[in-house]
Structures are given as C-alpha cells and as structure tokens.
Amino acid sequence: MSSILIFTFIFTLCLLSSCFSSSASLHNATDENVTLRPQHEIQKLKLIREHLQKINKPAVKTIQSPDGDTIDCVPSHHQPAFDHPMLQGQRPMDPPEMPKGYSQENESHEDFQLWSLTDESCPEGTIPIRRTTEQDMLRASSVRIFGRKIRRVRRDSSSNGHEHAVGYVSGSQYYGAKASINVWTPRVSSQYEFSLSQIWVIAGSFADDLNTIEAGWQARAKLYGDTNPRFFTYWTSDAYQTTGCYNLLCSGFIQTNNRIAIGAAISPVSWYKGGQFDISLLIWKDPKHGHWWLQFGSGTLVGYWPVSLFTHLMEHGNMVQFGGEIVNTKPGGSHTSTQMGSGHFAGEGFGKASYFRNLEMVDWDNTLIPTANLRVLADHPNCYDIRGGVNRVWGNYFYYGGPGKNSKCP
C-alpha cells in the first residue's frame, strides 16, 4: 500500500489529538478574566476533588517514589476499569495463551520504574496505581478532558503541530505487535508540548470510527508535572471523541500486575555514547476470549483492554505503527527545540540515536512472525528523521528522532 494511508493516519492523529491550544489560551487569560476567576476556581476545585475521589481508589498500602509520585496499592477488583457499565461486577481474567514463537530469552526484568527501586511492592491481589493530584488536574484546561487526547478538527495539518517519524505496516490483518523501544529523556520545551515513542494497533477508517490501542513511553509535563519518560497506555474506539484515556485515568484497561505502575517514571534510561536501555512491549489478541493483552519484558503481563470496549478492534487491526511523535507549538514563530527520541538524527546510529528493534507481528494463528514490508516515514525529516534496516540480531529495526530546531529546521 502506498504511503498515502500512513499520511492519512498521521493527519488524522494530528486533527484528533491536539491538546495544547486550549491550555495555551487559558494560560494567556487577560486581567479582565482574572477578576472573574475566584468563583470559577472554587467550582473547578470542587469538580476536581469529586473526580479525584472517583479515580483515586482506597488503598491497602501506599508507597512513596523517589521522584515524588505516590503509588497506591488498590485491590484489583476495585480498580477504575470496573466502574465501566459493561465491566461492573467482573474480576480480572486469568492469563491468556501466549503467542507461538514467543521467547523470554534476553528479555529485561520488570523492575524498570523509579518507585520499584524502593524495595517496596504491592501485595498480591492489588495493583499499583500512580495517585492523581490536584496539581495534575489543574494543569488540564478542564476536568472533562483530563487524561484524554482532545478532538480538535482543523482544516489543515500545518497548524496542529504534531510531527512523526514512524515505521508502519498495513494492508493485512494484524492480531498484535511486539518491539523493544529504546528509552531516553528528551528535552521538552514547554508544558504544552510532549515527546513520545510508542506502538499503535489501529483499526477502522480514519474518521469518527477510528479504534486504537497504544503503549510506550512519553515525556509530558502537562499530564505528569515533569518530563521524566513514563510508561503509558491509551485507547479509543471513536477517534478520541468521547472514549478512552491515558493509563488508568478512566474505566477501560484492566490491570492484572502488582509490580508495574502505568504512568510511573522509567529507570534506568539511555545516555548519549553511554549505556543503552530499552523496554520490550507485546500487544496481542487472546484467541480464546478476544481481549487485547499487554505484556512487558520477561513474561510480565500488565493487563488487558476488554474486547467489548471496541468496534473494529473486536476483530483485528488493519495497521500497526511504531515510532516517535512530538508536538510543536512554534514558540516565537520558529520550530520547537523539543527532542524526539534521543534528540539526535537516525544517521548517528547505536548509542547516539534512539531505536526500535525486533519488530514482530502476531498473525491470525496467534503466532509471532517477523514484520514484513515495513515502511518508514518522517513528515519533517529536517527536524526528525528515520532509517530502517534488518539484521540477524535485531531483525527488523529502525533508528529515528532528532533535535527539532536546527539550521535546516528553523
């Protein structure tokens, strides 16, 4: 299939997920508006506290992370997912059948987050949930859109600011995807911008019925209060309109693991010309029950997206995409200096440029197979680029990323 389809998807993501402009307008409120703020702020704080009571579930144990996060150990059957009307009264499913061809050899261990370095852990039967604070929610322009991508339709793609460097496959039926993703701490120039690296499993048309399942790492100060790289998930079944959210910030994803906190900071990270660290993620459709499961590293199941959340993804995906994305707010009229990946171009290679390696697909028979016909695309190659390759150790792979603003990307 031609690159028109991936351009269509990127354009659609840009249209549907722009989330910085409303915050920027709030940030630039006039003095006249400020005089009206006290009553508005009182009402907003009331709504925030009601929402916090809904998503911050009672914990049986609390752990303080070195980076300031609070991790609550919540009984698994009380997690936010089970507030969903279609999931109420349920309990987490038993582990599914693994894809054939999956190997645990040379996989990284599960202690990859800052909070887990405290030697504290959540008891069996509970899950760790990063506690959401008032400050987290106050950074959002409203309670309604907190933790969600924003649907903001625009007539062109040049003004929405989302830029990508991705590898993708399309034109077949996909029942999952796997990759190891290099982790860095990219510079993010403002709280209205972000930098992420992720896997997308996609189905439907690129209109109001778009279904996506997403997982990877992101640096996003507006959501988390800092730019540490954080493990994240996302889902939508209606093109980011009314369904879906990040992590466990709404009902949907069901977590089954008591050692991984979705939304918590990743540690260690990679260093330029130094040690390299990556996380291995596998998303696949359980052939027995149809749910979409997420696994991290060496056989560690994180949880699953119930198949009932979706329309087109009830069957399979029709595109899988891997790669990086940033938001460019064009500060001062020039391109942002927000980095993608390591902040260095793909041509610098290992230890300098960020990478995805060992890209694989899950086929109709629940078998992991090498990615065939991988195409790569950077929509602003002077700012962020991508170079693919194949070898015996890394299979299908690519380097990607860049610094943003430079002499060829003014």
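Predicted model only: the values in this text are computed from it and were never measured.
A salt bridge does not link Asp94 with Lys288: none of the charged nitrogens is closer than 4.0 Å to a carboxylate oxygen. No salt bridge links Lys54 with Asp83; every basic N to acidic carboxylate O contact stays at or beyond 4.0 Å.
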- Message: Could you walk me through whether Glu348 and Tyr399 satisfy the side-chain hydrogen bond (donor to acceptor under 3.5 Å, both in side chains) test, starting with their C-alpha distance in whole Å, then the side-chain angles of each, then the deciding distance to 0.1 Å, before giving a yes or no?
- Response: CA-CA 9 Å; Glu348 293 195 42; Tyr399 291 100; over 6 Å; no
- Item | Verdict with supporting geometry, Ser267 and Gln113, side-chain hydrogen bond (donor to acceptor under 3.5 Å, both in side chains) | CA-CA 5 Å; Ser267 179; Gln113 295 185 303; over 6 Å; no
- Task: Take Tyr355 and Asp278 through the test side-chain hydrogen bond (donor to acceptor under 3.5 Å, both in side chains) and record every step on the way to the result.
- Result: CA-CA 9 Å; Tyr355 61 81; Asp278 57 39; 2.7 Å; yes
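Ring orientation note: the planes of Trp200 and His164 are tilted relative to one another, at an angle of 30° to 60°. The aromatic rings of Tyr400 and Phe398 sit perpendicular to each other, their planes meeting at more than 60°, with 30° as the lower class boundary. In this structure, His316 and Tyr175 have tilted ring planes: the angle between them lies in the 30° to 60° band.
Note: Phe194 and His162 meet the aromatic proximity criterion, with ring centroids under 6.0 Å apart. For Tyr384 and His335, the distance between ring centers is under 6.0 angstrom. A distance below 6.0 Å separates the ring centres of Trp305 and Phe253.
No donor-acceptor pair under 3.5 Å is formed between the side chain of Arg130 and the backbone N or O of Asp69. A side-chain donor-acceptor contact under 3.5 Å links Thr371 to the backbone of Leu359. Under a 3.5 Å cut-off, the side chain of Lys100 and the backbone N or O of Asp365 do form a donor-acceptor pair. Using a distance-only test at 3.5 Å, with no hydrogens or angles considered, a donor-acceptor pair links the side chain of Glu193 to the main chain of Thr329.
A heavy-atom distance below 4.5 Å is found between the side chains of Met98 and Leu282. At a threshold of 4.5 Å between non-hydrogen side-chain atoms, the residues Val376 and Arg387 do not count as touching. A heavy-atom distance below 4.5 Å is not found between the side chains of Trp184 and Ser195.
Judged purely by distance below 3.5 Å, without hydrogens or angles, the side chains of Tyr224 and Asp67 never pair a donor atom with an acceptor atom.
Partners of Tyr246 under the ring-ring contact (aromatic ring centres under 6.0 Å, His included) rule, at least two apart in sequence or in another chain, are Phe232, Tyr234. Taking Asn391 as the reference, Val393, Trp394, Tyr397 meet the side chain to side chain contact (heavy atoms under 4.5 Å, CB included) condition, with sequence neighbours excluded.
Between Thr311 and the choices Asn211, Asp238, Thr243, the side chain to side chain donor-acceptor pair (under 3.5 Å) rule is met once, by Asn211.
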